[in-house]
Amino acid sequence: MPFKDIKSLSREELRQFLSDNGHKPYRADQIRVWLFCQMKQTYEGLNIPAELCELLETNFRIKSLNEETKMESQDGTIKWLYKTADGLPVETVMIPTETRASVCVSTQSGCAMNCAFCRTARMGLNRSLESGEILEQIINVHRYFLENAQERKVTNVVFMGMGEPLMNLDAVHRACVCLHDQKTFSMGKGRLTISTSGVAPKISELLERGTPCQLAVSLVAADNETRESLMPINKTWNLTELLNAVDSYLAQSGEWVTLEYILIKDKTCTEAAAQNLIRIVKPRRCKVNAIVLNNNENPELQAPSEQEINEFLEIVRAKAVQINIRNSRGCDIYAACGQLAEALNGRML
Ligand code: SAH
């Protein structure tokens with residue numbers, strides 16, 4: 001692409017760019033407030049010298065995503081499909097509750113991880129997004145609330161849309177820093193969650209970089225054989241390697257880690273699976289978010305029955321392991337976990 005989005009620059013980079021071009025570096029904060037807080041998509045009305053405006057326009061994009069469709073679920077969840085400047089699909093989901101509004105952002109267009117249960121995998125990977133493209137997804141939800149006279153604000157951001165965040169760590173880190181920045185979004189790190197399919201060596205990098213975020217790991221299954229059959233990444237970093245990375249993260253950060261577990265009939269919702277899960281979670285400062293498999297077009301993978309789910313939960317809870325069942329939101333518009341895949345929407349709906 002010819003230019004990058006101005007929102008992809010850190011404050012320091014923008015200051016540097018301004019001073020390199022003979023402008024006052026303090027303008028960086030003024031421009032950032034305009035973009036991130038005022039949510040503007042042109043420089044019209046911004047009180048900066050005309051030649052600075054021209055300099056910015058010739059060097060950077062100010063708007064990266066074009067809205068293609070917006071779908072609203074019966075439960076209030078909204079999913080937007082955007083196209084990037086180079087025409088690639090990106091989806092964003094907003095999940096409202098009484099008190100919160102979580103935004104699930106995509107970090108890549110498509111995904112390369114090829115998990116058997118996820119529709120995004122069918123798209124393959126187009127490319128990683130810039131941090132400006134990630135941030136624009138959140139800004140757009142803020143603007144949507146504002147334009148629709150809703151009192152709501154985005155309270156939480158989860159990096160759980162299309163893509164593998166730790167395969168695009170630089171941009172994801174930049175986005176988190178900007179979201180955490182008191183001069184822009186001022187979101188506490190507890191409100192930002194990065195979810196990884198298990199890119200073990202990158203987990204320590206989050207701490208080395210000091211990325212302001214919480215960590216969630218898509219455990220999905222609790223033994224290597226099952227996990228490998230569902231997630232090719234387990235061939236590269238198996239459970240031992242992944243859990244070692246989680247353990248050093250736990251030790252160094254002092255935080256809790258969320259393990260995401262998918263309940264799949266006969267595979268991850270059996271008594272043996274429950275015992276394996278207990279063995280993994282019990283000794284660690286982890287809680288489990290379990291989610292019943294969402295419709296994903298793979299005929300070999302089915303959701304368990306209610307009874308199977310309850311029996312599984314009972315076994316796990318009997319050992320005092322923290323396990324919450326997350327209700328899927330937005331299933332009717334294919335906005336739930338593992339359902340984001342623009343290219344397939346026509347066929348699915
Ligand atoms: N690549 C990252 C983030 C995107 S997936 C990751 O793997 O964590 C976000 C979450 O949705 C993951 O926990 C994933 O395991 C889950 N998921 C994917 N497909 C699903 C499906 N069909 N049903 C339920 N959860 C699914």
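Atoms within each ligand, like the ligands themselves, are counted from 1 in listed order.
With atom 8 (O) of ligand 1 as the reference point, the heavy atom nearest to it among Ser328, Ser195, Pro165 is part of Ser195. The option with the heavy atom closest to atom 24 (C) of ligand 1, from among Ile194, Val220, Thr107, Asn294, is Asn294.
Under the 3.5 Å distance criterion, with hydrogens and angles disregarded, no donor-acceptor pair is assigned to the side chains of Glu133 and Thr84.
Ligand-side atoms of ligand 1 in range of Gly163: 1 (N), 2 (C), 3 (C), 4 (C), range being under 4.0 angstrom from any heavy atom. Residue Gly161 approaches ligand 1 through these ligand atoms, each under 4.0 Å from one of its heavy atoms: 4 (C). Counting the atoms of ligand 1 from 1 in the order shown, those under 4.0 Å from a heavy atom of Cys118 are 19 (N). When each atom of ligand 1 is checked for a heavy atom of Ser218 under 4.0 Å away, the hits are 6 (C), 7 (O), 8 (O), 12 (C), 13 (O), 14 (C), 15 (O).
When the shell of 6.0 Å around CG of Asn47 is examined, it contains 12 or fewer heavy atoms from other residues, nucleotides or ligands. Atom CD of Glu13 has more than 12 neighbouring heavy atoms from other residues, nucleotides or ligands inside a 6.0 Å radius. Counting non-hydrogen atoms of other residues, nucleotides and ligands closer than 6.0 Å to CZ of Arg317 gives a total above 12. Crowding of Glu57 atom CD: a count of heavy atoms from other residues, nucleotides or ligands under 6.0 Å exceeding 12. Taking a 6.0 Å sphere around CD of Glu271, one finds it holds 12 or fewer heavy atoms contributed by other residues, nucleotides or ligands.
Residue contacts with ligand 1: Cys111 is excluded, as none of its non-hydrogen atoms falls under 4.0 Å. Using a 4.0 Å heavy-atom cutoff, Glu164 is listed among the residues neighbouring ligand 1.
Evaluated for a side chain to side chain contact (heavy atoms under 4.5 Å, CB included) with Lys267, the options Ile264, Leu263, Thr270 yield exactly one hit, Ile264.
Nearest protein heavy-atom neighbour of atom 5 (S) of ligand 1: Met160 O, 4.0 Å. The shortest contact between atom 22 (N) of ligand 1 and any protein heavy atom is with Phe117 O, 2.8 Å. The nearest protein atom to atom 21 (C) of ligand 1, hydrogens excluded, is given as Cys337 O, 3.4 Å; this is a heavy-atom distance. For atom 15 (O) of ligand 1, the nearest protein heavy atom (residue, atom name, distance) is Ile262 CD1, 3.5 Å. Scanning the protein for heavy atoms near atom 19 (N) of ligand 1, the closest one is Gly338 CA, 2.9 Å.
Minimum interatomic distance between Thr268 and Val220 (heavy atoms only, all atoms of both residues): CG2-O, 3.6 Å.
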ring-ring contact (aromatic ring centres under 6.0 Å, His included) evaluation trace for Tyr144 with Trp80: CA-CA 11 Å; Tyr144 167 81; Trp80 287 268; 5.4 Å; yes
